[in-house]
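Both counts, for ligands and for their atoms, begin at 1 and track the order of listing. Quick note: residue numbers are just sequence positions, from 1. Model, not experiment: these values are computed from the prediction.
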Amino acid sequence: MPVENADIATIFDEVADLLEISGASFFRVRAYRNASRVIRDLSRSLASMTSEPGFKLEDLPGVGKDLAAKIREILETGDLRLRRDLERDVPVGLIDVTRVAGLGPRKAHALFLELGVTDLESLGTAAKLGEIQGVKGFGPKTEANILEGIYAVKGLGNRTLWADAERKVRAVMEHMSAVPGLKRLEAAGSFRRRVETVGDLDILVVCDDPDAAAARFVTIPGVSRVVARGPTRSSVVVDGEFQVDLRVVEEDSFGAAMQYFTGSQAHSVALRSMALRKGLKLNEYGVFRDDEKIAGATEEEVYGALGLPLIPPELRENRGEIGAALEGRLPSLVEQSDVRGDLHLHTDATDGRASLADIAAAAKRKGYLYAAVTDHSKRVAMVKGLDERALLSSWREIEKLNERMSAFHLLKGVEVDVLEDGSLDIADDVLSRADFVIASVHYNTNMTRARMTRRIVKALENPHVDALAHPSGRKLNKRPPYQVNMEEVIAAAARFDAALELNSAPRRLDIDDQACRSARDHGVKVCISTDAHDVSELDFMRYGLNQARRGWLEKDDVLNCLTYRSLMKRLRH
Ligand code: DGT
Ligand code: CA
Ligand code: CA
Ligand code: ZN
């Protein structure tokens, strides 16, 4: 198994962190950090370099005899004994603890020895119980800051799912709609940009009486804390953890404020420097030439004053959208009305909750032309995944159902498991009789990047595979993506003419926006699918569309925007 440079660097980083916590010398810690950086930055794989005659690991900058031996050990065994030894003495969770503001390796270690703190969770418990101020070197002030510090560190991996944020937005909007003299009420920020997770919510209001707006705002149901309250800016925390910011703005600045508070910051910074180059000034109040305001009431006007068409919020990330707008090349983003079908559905034959007939009828009611039934294969034994015989009999049922439905087609599909070696869980001669085969990795996902990439590429190579389901395997706030080289997966999908799924379940949204963009650039079709396990989950399509739009996808990039006939033509191998 070739070990990748990134694997070696990650091991060295962890070793450096653990050494530092256990009080090793500054020089020893730095040696590992330096070597990690050098290895990460190499343009070629160390595994292949070491097989060349004349190459010596010791020739790498910062790598002496000792580190060279360590690298060889990783290349040969895939791991490092030193790391395992360190992990026995120092809990890995302490690395997170060192990142809490006010702590650091030495203090984290002290809390481990004195209180048995091993990770952020036990740190939080100790702080809440007031145990920390009893440890030498810690006071009540540090203890109070620790809880906020944990929140900040965790916040990075624990933002609110967009779909959950939407529910909160609805409640806030409904509550605020009762403000007397209300003229405008909009959500801005990452929520408006449809970012998959939202940090806090930014609400803009135009109204006659700013004090009344603030008064209404602090009584939102579920408010646990009022952070600030004033005529132009208020801020509350709802449901114990979710912050909502309110800004009251003037009507003739509303467009400029929407632009500013929608961000992203990177997009706005780029817009502002563009304005400056044109001799204009852009801020949250408007666009100004000298002291004269030339735009501000609407976003169209603001972008127009800079010589730009309105850029959809989903694209405002400073990823080339301003250049595209200038050249009139903004994508015409895919919409719900472009979607002709759903290509990933489960029934109660496996872990779905709706019957085949019910979910088919529901998909038809959504106005779709087709839907693929893709129950699990036998490897997913926990939910009685289907074997070859059960699959064939379920497909016969689908054929019968199809005869009874007009202007709607059920596709005979399967979500076939990709085994560890990249082979599939269902025999090829059966797969060849399916209309739509999606391949999924569900088990033994703890592999090196190289192995996982090879596993997935091999699955895509099978001519019966039409698409790869939830390609990265991530679950937001729950599970990181597999170690996989997504660029290679996308290139393989292009080579073998397979599609990549954009799984629309709010916790998955997999592939992500950047991978959508890359798929489009490689000419790989994306299928936006719900993976519905129940009738109501057919509505997940909206979340997938959000992500697709953030990934610049147009309807021609999306497999399930094809008509039934074009789809079937494409799928026939
Ligand atoms: P979030 O809340 O972390 O999901 O992300 P955003 O994008 O909603 O960020 P947030 O809530 O901090 O600020 C909302 C918008 O306000 C942001 O997208 C851009 C704008 N903004 C906030 N602070 C600054 C700043 O210091 N400079 C600039 N240019 N814009 C800012
Ligand atoms: Ca925000
Ligand atoms: Ca904010
Ligand atoms: Zn599924």
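Here the closest non-hydrogen pair linking Val437 and Ala434 is CG2-CB, 3.7 Å.
Protein heavy atom in closest approach to atom 29 (N) of ligand 1: Arg272 NH2, 2.8 Å. Scanning the protein heavy atoms around atom 12 (O) of ligand 1, the nearest turns out to be Asp200 OD1, 4.8 Å. Counting only heavy atoms of the protein, atom 21 (N) of ligand 1 lies nearest to Tyr260 CE2, 4.0 Å. Of all protein heavy atoms, the one closest to atom 26 (O) of ligand 1 is Gln265 NE2, 3.8 Å.
Of all the N, O or S atoms in Asp202, the one closest to the Ca ion (ligand 3) is OD1. Closest N/O/S atom of Asp245 to the Ca ion (ligand 3): OD2. Within Asp531, the N, O or S atom lying nearest to the Zn ion (ligand 4) carries the name OD1. Distances from the Zn ion (ligand 4) to each N, O or S atom of Glu415 single out OE1 as the nearest. Nearest N/O/S atom of His344 relative to the Zn ion (ligand 4): this is NE2.
Between the side chain of Ser253 and the backbone N or O of Ala256 there is no donor-acceptor pair closer than 3.5 Å. Between the Arg455 side chain and the Val418 main chain, a donor and an acceptor come within less than 3.5 Å of each other.
Taking each of Asn283, Asp202, Thr160, Leu271 in turn, the one with a heavy atom nearest to atom 13 (O) of ligand 1 proves to be Asp202. With Ser190, Ala187, Gly263, Ala165 as candidates, the residue nearest to atom 18 (O) of ligand 1 on a non-hydrogen basis is Gly263.
In this structure, atom 3 (O) of ligand 1 has protein heavy atoms in its sub-4.0 angstrom surroundings. There is no protein heavy atom closer than 4.0 angstrom to atom 9 (O) of ligand 1. For atom 24 (C) of ligand 1, a protein non-hydrogen atom is found at a distance below 4.0 Å.
For the residue pair Ser536 / Asp534, no side-chain donor-acceptor distance below 3.5 Å is found, with atom types taken as modelled. Side chain to side chain, His346 and Asp531 meet the donor-acceptor criterion of an N or O pair below 3.5 Å. Judged by distance alone, the side chains of Glu415 and Ser440 do bring a donor and an acceptor atom under 3.5 Å apart. Inspection of the Ser235 and Asp245 side chains reveals an N or O donor paired with an N or O acceptor under 3.5 Å.
A heavy-atom distance below 4.5 Å is not found between the side chains of Asp512 and Met486. Counting heavy atoms from C-beta on, the side chains of Asp338 and Val558 never come closer than 4.5 Å.
Within the structure, the closest approach of Thr262 to ligand 1 falls below 4.0 Å when heavy atoms are considered.
Within ligand 1, the atoms closer than 4.0 Å to a non-hydrogen atom of Arg193 are 7 (O), 18 (O), numbered from 1 in the order shown. Residue Arg159 has at least one heavy-atom neighbour below 4.0 Å for each of these atoms of ligand 1: 1 (P), 3 (O), 4 (O).
Taking any N or O of Gly189, backbone or side chain, none lies under 3.5 Å from an N or O belonging to ligand 1.
Of the residues Glu196, Arg194, Glu314, the one that meets the side-chain hydrogen bond (donor to acceptor under 3.5 Å, both in side chains) test with Gln547 is Glu196.
By the 30° and 60° cut-offs, the orientation of the rings of His344 relative to His470 is tilted.
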